[in-house]
Amino acid sequence: MPKVIYIGDDGQEHAIDAAVGDSVMATAVRNGVPGIIGECGGNASCATCHVWVREEFVPLVGEPGDMEEDLLDLAVSERRDGSRLSCQVRVTPELDGLTVDVPPEQP
């Protein structure tokens, strides 16, 4: 099982075993990771699952689509290179060790 590592704004690390095919958001919500809300249930309509993907993983998760880009522009937390909606990132075996930073505030 691939592991996803969530780093909170307080530096606390949550390393979670994730099922291949699940979203990074669903994995976080199911395991109670603080700061990942997923208010819209993963439908890319709220930006409450915004994360900053660590630089070494950006090429592996790909670029956000147009709709995701628009939502990221509305996110409360600062937009950075590597900003993604975690509901739009699917866990694959290649993403084992994926590390994302959880912003201090979600909308």
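All figures in this text were calculated on a predicted structure; none of them were measured in a lab. We're numbering straight along the sequence, starting at 1.
With respect to the salt-bridge test (charged N to carboxylate O, under 4.0 angstrom), the residues Arg80 and Asp101 do not qualify. For the pair Asp17 and Lys3, the salt-bridge criterion is met [side-chain N within less than 4.0 Å of a carboxylate O].
Enclosure of atom CD in Glu56 by more than 12 non-hydrogen atoms of other residues, nucleotides or ligands within 6.0 angstrom is indicated. Atom CG of Asp66 is surrounded by 12 or fewer heavy atoms from other residues, nucleotides or ligands within 6.0 Å.
Residues Phe57 and Val100 have side chains not in contact (no heavy-atom distance under 4.5 Å, counting atoms from C-beta outward). Using a 4.5 Å heavy-atom threshold, the side chains of Val91 and Val4 count as touching.
The hydrophobic clustering, which links ILVMFWY residues whose side-chain heavy atoms are closer than 4.5 Å, places Val51 and Val61 together. The hydrophobic cluster containing Val24 also contains Ile16, counting ILVMFWY residues as joined when their side-chain heavy atoms lie under 4.5 angstrom apart, directly or transitively.
Between the side chain of Thr48 and the backbone N or O of Gly38 there is at least one donor-acceptor pair closer than 3.5 Å. A donor-acceptor pair is defined here as one N or O able to donate and one able to accept, closer than 3.5 Å; such a pair exists between the side chain of Thr99 and the backbone of Gly97. In this structure a side-chain-to-backbone donor-acceptor pair under 3.5 Å is present from Asp10 to Gln12.
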Pair up each side-chain donor or acceptor in residues 68-75 with any protein partner under 3.5 Å, not counting sequence neighbours, and list the distances.
from	atom 1	to	atom 2	distance (Å)
Glu68	OE1	Arg84	NE	3.4
Glu68	OE1	Arg84	NH2	3.0
Glu68	OE2	Arg84	NE	2.7
Glu68	OE2	Leu85	N	2.8
Glu69	OE1	Arg79	NH1	3.2
Glu69	OE1	Arg79	NH2	2.4
Asp73	OD1	Arg79	NH1	2.7

